[in-house]
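The figures here come from the full heavy-atom set of this structure, side chains too, leaving out hydrogens, waters and symmetry mates. Each chain gets a letter, A, B and so on, in the order the sequences are listed, and its residues count up from 1.
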Number of protein chains: 2
Amino acid sequence: MPGRHHWQHRFRENVSRWTLPREIILDLLSRSSRHMSAKEIYGALYALYPGLGLTTVYRTLELLHRLGFVQKVTSGDGPGRYELRGEGEKDHHHHLICTKCGRIIDYRDFVQEELDLIKKTEETLAKKHNFLIQDHNIEFLGLCEKCR
Amino acid sequence: MPGRHHWQHRFRENVSRWTLPREIILDLLSRSSRHMSAKEIYGALYALYPGLGLTTVYRTLELLHRLGFVQKVTSGDGPGRYELRGEGEKDHHHHLICTKCGRIIDYRDFVQEELDLIKKTEETLAKKHNFLIQDHNIEFLGLCEKCR
DNA sequence: TAGATAATGATAATCATTTTCATTAATAAT
DNA sequence: ATTATTAATGAAAATGATTATCATTATCTA
């Protein structure tokens, strides 16, 4: 859970200004364990900072995603959801998604096998199809405890 | 490539009527190798059948998806894309997706290893999180030959 | 062949996201 | 510190994909 100064520093490195919206959005994401949509973030912060605009939330999330601070999960229907990305490979995980309520659960089972398979597959596909592979997703869809 | 009668029969089994829009949409999907969006399907069929409505395309695709005839791929941004689902496990495959032009390539490499890992993971997750798992996705995102 | 009802298509509505643009605030230069 | 530069913001409108509404039409059933 890196603090404000950590982020502030990483922002400066990227020629981006350190502003209140950015600070409170990062702060919320680092306090929240859930994957939140733009509207949820907006709703959660509105009380604290009523001047905040939904547009800014979208723009900030887009920036955080572009800088690699945040991962965006867009599966099935409904809005995109965001989570802070941990440092390096040690945070490797994938998602279990409820198709009814949209809840997302991180899982970290069989990580090593996954990494091996992904690496192998990625190399093969990149070569075979002349693709520049930048990312991958593995996800399981279904109904959570509450929705089943 | 099952013909009209095959589909017609499977529709009847499901208490759904066999109509012209359904026939031409299924026919197009079985002739096309690409994963098509609703609008692309609409566009491709409009010349043949100018009465066709975009709404009907969406509804038909939703029905085909619900009946399990069609798979829907919704990754990253842009519209959902659809492909006919082959029969049984022997058509097991996943996707390589270009984030720029939206092109989707099916791949079938390391199928057995994937199936094993997925099965194992699915069982573990279902038990651990009390989830009813209905589906899974594995996808690689990046830039295709033309867009890189 | 007629009656029941499911499917269709035009239109409007919704939902998530992006664009526009005038205003404000953060940093750089003085 | 003060000002100038320019990025960031927020309100509103625009866009794009998809869904809901509803009167009309077509398919199947009796």
Side-chain angles (χ1 to χ4, degrees), chain A residues 4-5 7-26 35-43 45-46 48-67 69-70 72-82 99-102 104, chain B residues 4-5 7-26 35-43 45-46 48-67 69-70 72-82 99 101-102:
Chain A
R4 313 122 215 38
H5 294 89
W7 296 118
Q8 191 169 1
H9 186 247
R10 291 184 73 187
F11 261 78
R12 291 261 167 68
E13 278 176 343
N14 284 282
V15 207
S16 296
R17 295 178 178 179
W18 183 245
T19 67
L20 187 53
R22 289 168 183 190
E23 173 164 355
I24 62 177
I25 289 170
L26 271 168
H35 299 64
M36 302 181 80
S37 68
K39 205 170 276 183
E40 283 171 351
I41 292 169
Y42 174 74
L45 293 175
Y46 192 81
L48 177 64
Y49 176 23
L52 184 64
L54 182 55
T55 306
T56 300
V57 175
Y58 275 106
R59 271 190 298 230
T60 302
L61 290 170
E62 202 270 327
L63 175 67
L64 294 175
H65 181 240
R66 192 152 35 78
L67 295 182
F69 299 174
V70 143
K72 184 179 181 183
V73 182
T74 54
S75 220
D77 313 308
R81 287 165 186 276
Y82 302 81
T99 52
K100 195 156 169 205
C101 72
I104 298 173
Chain B
R4 312 122 217 35
H5 294 88
W7 295 118
Q8 191 169 0
H9 186 246
R10 291 184 74 187
F11 261 79
R12 289 260 168 69
E13 279 176 342
N14 285 283
V15 207
S16 296
R17 294 178 177 176
W18 184 244
T19 67
L20 186 53
R22 288 169 184 190
E23 172 164 356
I24 62 177
I25 289 170
L26 271 167
H35 298 64
M36 302 181 80
S37 68
K39 205 170 276 181
E40 282 172 352
I41 292 169
Y42 175 74
L45 293 175
Y46 192 80
L48 176 63
Y49 176 24
L52 184 64
L54 181 55
T55 308
T56 300
V57 175
Y58 274 105
R59 270 190 298 231
T60 302
L61 291 170
E62 201 271 325
L63 176 67
L64 294 174
H65 181 240
R66 194 152 33 78
L67 295 181
F69 300 174
V70 143
K72 184 178 182 185
V73 183
T74 53
S75 221
D77 313 308
R81 287 164 186 277
Y82 301 81
T99 52
C101 70

What's the separation between atom CG in A:L20 and atom OG1 in A:T56, rounded to the nearest 0.5 Å? 11.0 Å

Filter on salt bridge (Lys or Arg N to Asp or Glu O under 4.0 Å), then keep only pairs touching residues 48-63 of chain A, sequence neighbours left out; what's left? A:E62-A:R66

Residues within residues 49-62 of chain B bordering DNA chain C, heavy-atom distance below 4.0 Å: B:Y49, B:G51, B:L52, B:G53, B:T55, B:T56, B:R59

If you take all heavy atoms of B:K72 and B:T74, which pair is closest and at what distance? CE-CG2, 3.5 Å

Nearest-Å distance, CD (A:Q8) to P (C:dT27)? 7 Å

Output the rounded distance in Å from NZ (A:K39) to P (C:dT17). 9 Å

State, with a plain yes or no, whether a side-chain heavy atom of A:W7 is found less than 4.5 Å away from one of A:R10. yes

Answer yes or no: is there a side-chain heavy-atom contact under 4.5 Å between B:N14 and B:L63? no

Five pairs per end, C1' atoms only: what is the angle between the end axes of the helix from C:dT1-D:dA30 to C:dT30-D:dA1, to 10 degrees? 30°

For A:R81, answer base if it contacts any base atom (sugar-phosphate contacts may also be present), sugar-phosphate if it contacts only those atoms, and nothing otherwise; contact means non-hydrogen atoms under 4.0 Å. nothing

Closest heavy-atom contact between A:S16 and A:R22? CB-NH1, 3.7 Å

What's B:S16 touching, base or sugar-phosphate or nothing? Going by heavy atoms closer than 4.0 Å. sugar-phosphate

Closest heavy-atom contact between B:I24 and B:Y49? CD1-CD2, 3.3 Å

Rounded to whole angstroms, how far apart are CZ on A:F11 and C1' on C:dA26? 13 Å

Under the rule for salt bridge (charged side-chain N to carboxylate O under 4.0 Å, His left out), what residues qualify as partners of B:R17, not counting sequence neighbours? none

So which heavy atom on A:Y42 is nearest to which on A:L54, and how close? CE1-N, 3.5 Å

Between A:Y42 and A:L63, who's closer to the 5' end of DNA chain D by nearest nucleotide? A:L63

Can you give the first and last nucleotides of DNA chain D, 5' to 3', that have an atom under 4.0 Å from a heavy atom of chain B? D:dA17 to D:dC28

If you round to the nearest 0.5 Å, how far is CG of B:L45 from CD of B:E40? 11.5 Å

What nucleic acid atoms does A:G80 come within less than 4.0 Å of, heavy atoms only: base, sugar-phosphate, or nothing? sugar-phosphate

Atom CH2 of B:W18 and atom C1' of C:dT8: how far apart are they, to the nearest Å? 16 Å

Hey, what are the protein-to-nucleotides 28-30 of chain C N/O distances that come in under 3.5 Å?
none

A:L20 or B:K72: which one's nearest nucleotide on DNA chain D is closer to the 5' end? A:L20

Once you round to the nearest 0.5 Å, how far does CG of A:L26 lie from CZ of A:F69? 7.5 Å

Working note: A:T60 + A:I41, criterion side-chain contact (heavy atoms from CB on, under 4.5 Å); need CA distance, chi angles, decisive distance, verdict. CA-CA 11 Å; A:T60 302; A:I41 292 169; over 6 Å; no

Heavy-atom nearest pair, A:V57 first then A:A38, reads CG1-O, 3.6 Å

Angle between ring planes, A:F11 versus A:W18, binned at 30° and 60°: parallel, tilted or perpendicular? perpendicular

